[in-house]
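Below is one structure, written out as structure tokens; the observations come after it.
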Amino acid sequence: MTNQNVVLIPEEQQAAMKMAASKKKLNVINGGAKISSWVDSMRASSPPRISISPSLTEEEKSWALQHPSALSMFDKIVEASKGKKIVMFLDYDGTLSPIRFLKEEDQKAKMTTQKVVLIRKEQHAAMKMAASKKKLNVINGGAKISSWVDSMRASSPPRISISPSLTEEEKSWALQHPSALSMFDKIVEASKGKKIVMFLDYDGTLSPIVKNPERAFMSDAMRSTVKSLAQCFPTAIVSGRCRDKVYNFVQLAELYYAGSHGMDIKGPEKGSKYIKGDAKGILFQPAAKFLPMIDEVYKTLVYETKSTRGAMVEHNKFCLSVHYRCVDEKNWDLVAQQVKSVLKEYPKLKLTQGRKVLEIRPTIKWDKGKALEFLLKALGYANRRDVFSVYIGDDRTDEDAFKILKARGQGFGILVSKCPKDTSASYSLQEPTEVMTFLQKLVDWKLQTLRGQAML
Ligand SMILES: O=P(O)(O)OC[C@H]1O[C@H](O[C@H]2O[C@H](CO)[C@@H](O)[C@H](O)[C@H]2O)[C@H](O)[C@@H](O)[C@@H]1O
């Protein structure tokens with residue numbers, strides 16, 4: 001197998017492929033088309049739906065107040081029409097018929113209107129890949145893609161929907177991964193009599209995704225909520241970033257931090273109120289011996305990518321991130337080639353993908369899931385049945401932690417996502433503002449429970 005033929009499947013893409021495999025019953029109308037700009041322009045011309053969960057943002061609430069449902073206002077409407085002749089004008093597409101297919105494909109779509117679903121281009125690419133599987137080369141655990149650019153496009157998928165109504169697929173996903181907000185009572189019920197431990201990813205979970213990784217600040221309101229959370233439950237931040245950097249963003253000394261995708265773990269600065277006699281805090285760095293190699297690769301990558309406008313290499317101590325969010329899409333393959341050519345010389349390093357980022361890290365068997373287990377053990381909670389862990393994250397690397405929780409039956413994961421994704425998480429939240437609401441509800445619930453106990 002020549003290097004040119006070798007392609008790495010991003011975890012994001014693997015997930016999409018799995019989802020695609022479960023979609024055999026659906027027909028795809030833009031099956032033969034390339035990922036191209038018309039999909040983007042269609043996305044732009046069709047606003048995303050407001051919400052797949054019952055909770056609304058402030059903006060959505062205000063819009064809903066200004067444009068209330070005609071169903072809920074029905075009586076007022078007929079009241080207003082009293083004594084008048086009603087004349088009806090109805091638009092067709094999107095009003096009398098659901099918008100489910102593309103005009104260019106009308107012929108095909110007519111035959112299968114009921115089954116047709118317009119899928120986002122990443123899923124489309126994945127389905128195409130699945131179909132042409134045999135032609136592709138295998139790397140990275142058996143998964144395949146036809147090109148790096150496809151896989152890079154697939155990271156950080158945009159919202160799936162183009163119409164206000166949910167597709168069957170979305171409905172089914174939402175049923176399987178209901179909003180953690182709407183299921184709040186069930187969640188706290190399940191945790192009754194158990195010690196709750198909180199694990200929080202940073203980017204895309206506590207802070208919104210922004211173009212410049214150096215400016216991914218969390219809001220003061222989020223910080224204050226996380227602070228209150230840590231007063232109620234042991235709380236850890238588990239991030240792909242280097243520990244110092246994520247600490248600088250969060251700035252809460254009372255938390256546990258696992259940086260570099262869990263390869264750099266430290267307990268609270270002033271010792272943990274949850275571990276008796278642990279004044280200094282734990283420190284675990286399973287990839288310490290890779291530091292010189294990572295430094296060397298960092299310098300080489302900075303050199304190799306410096307002529308590629310928008311590319312940025314981030315040093316995360318035990319791992320590296322090559323960002324391409326700000327690189328013109330036509331140069332994404334160039335970035336991929338630059339990274340691949342450097343990594344050829346370093347078989348002890350592996351490449352994974354996050355949201356518009358290529359991540360380089362040691363091949364050791366350590367990930368966010370292992371970090372979660374390590375922290376539970378450090379807290380003395382490893383084999384206890386009365387521990388209930390909640391892990392909230394938005395990226396593929398968080399899946400390792402979701403899987404561990406599922407396997408241990410010691411809590412569950414919450415995926416932060418606006419669109420359906422293959423996940424081992426049990427619940428979903430759409431964005432960081434919803435994460436904050438959920439965390440605040442947990443704090444309020446805990447304080448209320450304590451007040452109730454104090455009154456007994
Ligand atoms: O595990 P996480 O805390 O979620 O870290 C994963 C990566 O997060 C950061 O990149 C992501 O967020 C940036 C800021 O919003 C965004 O610009 C970028 O496109 C995202 O991939 C961080 O900069 C990376 O080093 C982490 O690997």
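All figures in this text were calculated on a predicted structure; none of them were measured in a lab. Counting convention: from 1, in listed order, for ligands and their atoms alike.
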Determine yes or no for a side-chain-to-main-chain donor-acceptor pair under 3.5 angstrom, with [X] supplying the side chain and [Y] the backbone.
X: Q410; Y: V387; result: no
X: Q251; Y: N248; result: yes
X: R241; Y: Y247; result: no
X: N212; Y: E214; result: yes
X: R408; Y: N383; result: no

Is any N or O atom of [X], backbone or side chain, closer than 3.5 Å to an N or O atom of ligand 1?
X: G354; answer: no
X: D398; answer: no
X: E314; answer: yes
X: N212; answer: no

Give the single entry among [options] that approaches [atom] most closely by any heavy atom.
atom: atom 1 (O) of ligand 1; options: R241, M312, K368; value: K368
atom: atom 21 (O) of ligand 1; options: E214, H315, R355, R361; value: R355
atom: atom 5 (O) of ligand 1; options: G240, S260, G262, C326; value: G240

Check: What about the rings of F184 and F438, do their centers lie closer together than 6.0 Å?
Finding: yes
Next item on the list: Measure centre to centre between the rings of F284 and W366, then say whether the value is under 6.0 Å.
Entry: yes
Which atoms of ligand 1 are found less than 4.0 Å from any heavy atom of [X]?
X: P208; answer: 15 (O)
X: K211; answer: 17 (O)
X: V357; answer: 21 (O)
X: N316; answer: 25 (O)
X: S321; answer: 24 (C), 25 (O), 26 (C), 27 (O)
X: E359; answer: 6 (C), 7 (C), 26 (C), 27 (O)

Check: Does ligand 1 have a heavy atom under 4.0 Å from the side chain of S239, from its backbone, from both, or from neither?
Finding: both
Margin query: Can you tell me which portion of D201 lies within the under-4.0 Å heavy-atom range of ligand 1? Options are side chain, backbone, both, or neither.
Written below: side chain
Which residue and heavy atom of the protein sit nearest [atom], plus the separation:
atom: atom 15 (O) of ligand 1; value: V210 N, 2.7 Å
atom: atom 10 (O) of ligand 1; value: H323 CE1, 3.5 Å
atom: atom 8 (O) of ligand 1; value: D203 OD2, 3.1 Å
atom: atom 19 (O) of ligand 1; value: R325 NE, 2.6 Å

Notebook entry, point to check: What distance do T437 atom OG1 and E431 atom CD have between them, rounded to the nearest 0.5 Å?
Noted result: 9.0 Å
Notebook entry, point to check: Taking Y202 as the fixed residue, which of Y257, F217, F249 is the one that meets the ring pair (Phe, Tyr, Trp, His ring centres under 6.0 Å) rule?
Noted result: F249
Short N-O contact, [X] and [Y], less than 4.0 angstrom:
X: E168; Y: K171; answer: yes
X: D203; Y: R355; answer: no
X: K370; Y: D400; answer: no

Item checked: Close approach of R215 to ligand 1, heavy atoms, under 4.0 angstrom -> no
Check: Is there a heavy atom of S207 sitting under 4.0 angstrom from any atom of ligand 1?
Finding: no
Next item on the list: Using the six-membered ring wherever Trp is involved, compare the ring planes of F402 and Y391 and label them parallel, tilted or perpendicular (cut-offs 30° and 60°).
Entry: perpendicular
